[in-house]
Amino acid sequence: MDYLPAPQPPAMSDPITLNVGGKLYTTSLATLTSFPDSMLGAMFSGKMPTKRDSQGNCFIDRDGKVFRYILNFLRTSHLDLPEDFQEMGLLRREADFYQVQPLIEALQEKEVELSKAEKNAMLNITLKQRVQTVHFTVREAPQIYSLSSSSMEVFNANIFSTSCLFLKLLGSKLFYCSNGNLSSITSHLQDPNHLTLDWVANVEGLPEEEYTKQNLKRLWVVPANKQINSFQVFVEEVLKIALSDGFCIDSSHPHALDFMNNKIIRLIRYR
């Protein structure tokens, strides 16, 4: 695909086919230039060169899935999103790229609206812990290996919150360490309101490659870059994040002993 000068603009009502990240959209020149100061307005008014695919369609190397919302906004000047829309951050970045200023403002208003809708929220965390024996080989010398074993603490946290935004905030702070890399727990969200975490503490003497080989994930909190090796540390870090987001401890539940023993954590937020 090569950059070519913009062709002679078609009539305002003629259909134009766009290839956006591999997804094809058909619209009109009038729609694409409905906001002349945007990047699309500049592209299709002949002020910018356009890139074309092998079929001659105008090609834009951006996310094709969310472009439908941008195109619909160009058509109606109204932001229409499904109730369970989960890609607000991506859509905001795409709106910034296309520089459709009214859409950027509409997204800002939508995010404020969503934030207000989540004023009152509940956070419930159930914690489980067990001990597991892990077997591994130790290289004592070239061609000499021995079998060793050690006890391992295995942790499970079942997290439910009525605030989707809080779980996203939590996902920006907690990371799995796997295969030597850190990855956000956000990718492990089962649904917008539910998250299950499973991780292990460091095992004394266990070679680093064994964590990868046995699919043992460790948990880190950033930007503190602290590894979470106990429920006490986990609870402390989650409380810091939750309290900073307006949550407070529910005095009526759970039972004080359950809370002190790190079995159940329930927090509430009123705004």
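Sequential numbering from 1 along the given sequence is applied to the chain's residues.
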Could you check if a side-chain atom of [X] sits within less than 4.5 angstrom of a side-chain atom of [Y], using non-hydrogen atoms only?
| X | Y | answer |
| --- | --- | --- |
| I125 | F160 | no |
| L206 | Y211 | yes |
| V134 | Q214 | yes |
| L91 | L81 | yes |
| L40 | I60 | yes |
| R130 | E153 | no |

Atom of [X], atom of [Y] and distance for their closest heavy-atom approach:
| X | Y | answer |
| --- | --- | --- |
| L79 | F73 | N-CD1, 3.7 Å |
| N193 | C164 | ND2-SG, 3.5 Å |
| A242 | L123 | CB-CD2, 4.1 Å |
| I228 | W199 | O-NE1, 3.2 Å |
| S172 | V222 | O-CG2, 3.9 Å |
| V100 | S38 | CG2-CB, 3.9 Å |

Report yes or no: do [X] and [Y] belong to one cluster of Ile/Leu/Val/Met/Phe/Trp/Tyr joined by side chain heavy-atom distances under 4.5 Å?
| X | Y | answer |
| --- | --- | --- |
| V66 | L24 | no |
| L29 | M43 | yes |
| L167 | F175 | no |
| M39 | I104 | no |
| I265 | L197 | yes |

(request) Please name all residues satisfying salt bridge (charged side-chain N to carboxylate O under 4.0 Å, His left out) with K226, sequence neighbours left out, ordered by chain then number. (result) E237
Just how far is it from atom [atom1] of [X] to atom [atom2] of [Y], taken to the nearest 0.5 Å?
| X | Y | atom1 | atom2 | answer |
| --- | --- | --- | --- | --- |
| H194 | T196 | NE2 | OG1 | 3.5 Å |
| N19 | Y25 | CG | OH | 10.5 Å |
| R92 | L90 | CZ | CG | 10.0 Å |
| N124 | I159 | CG | CD1 | 10.0 Å |
| N57 | I16 | CG | CD1 | 11.0 Å |
| T162 | L165 | OG1 | CG | 10.5 Å |

Mark yes or no for whether [X], through its side chain, and [Y], through its backbone, hold a donor-acceptor pair below 3.5 Å.
| X | Y | value |
| --- | --- | --- |
| E210 | P207 | no |
| S28 | P15 | no |
| T33 | P36 | no |

Side-chain donor-acceptor contact under 3.5 Å, [X] with [Y]:
| X | Y | result |
| --- | --- | --- |
| S34 | T31 | no |
| N72 | H78 | no |
| Q227 | N202 | yes |

(request) Kindly determine whether L127 and V235 satisfy side-chain contact (heavy atoms from CB on, under 4.5 Å), including the steps that lead there. (result) CA-CA 10 Å; L127 304 172; V235 171; 3.8 Å; yes
(message) For the residue pair R62 and F97, would you count it as a cation-pi contact if the rule is NZ or CZ under 6.0 angstrom from the ring centre and within 45 degrees of the ring axis?
(response) yes
(message) side-chain contact (heavy atoms from CB on, under 4.5 Å) for I241 and F166? Distances and angles first, verdict last.
(response) CA-CA 9 Å; I241 299 168; F166 174 75; 3.9 Å; yes
(request) Please say whether more than 12 non-hydrogen atoms of neighbouring residues, nucleotides or ligands are located less than 6.0 Å from CZ in R68. (result) no
(message) Less than 4.0 angstrom from a charged side-chain N to a carboxylate O is my criterion; do E208 and R218 meet it?
(response) yes
(message) Looking at K65 and E87, is there a salt bridge between them, counting it only when a charged N and a carboxylate O are closer than 4.0 Å?
(response) yes
Measure from the ring center of [X] to the ring center of [Y] and say whether it is less than 6.0 Å.
| X | Y | answer |
| --- | --- | --- |
| F35 | Y98 | no |
| W220 | Y176 | no |
| F155 | F231 | yes |

(request) Dump the intermediate steps for side-chain contact (heavy atoms from CB on, under 4.5 Å) on C58 and R52, then the final yes or no. (result) CA-CA 5 Å; C58 294; R52 297 185 175 274; 3.5 Å; yes
(message) Evaluate R269 against D245 for salt bridge (charged side-chain N to carboxylate O under 4.0 Å, His left out), listing each step before the verdict.
(response) CA-CA 8 Å; R269 183 177 67 196; D245 199 46; 2.7 Å; yes
(request) Would you please test F234 and L219 for side-chain contact (heavy atoms from CB on, under 4.5 Å) and show each step? (result) CA-CA 9 Å; F234 177 77; L219 193 63; 4.0 Å; yes
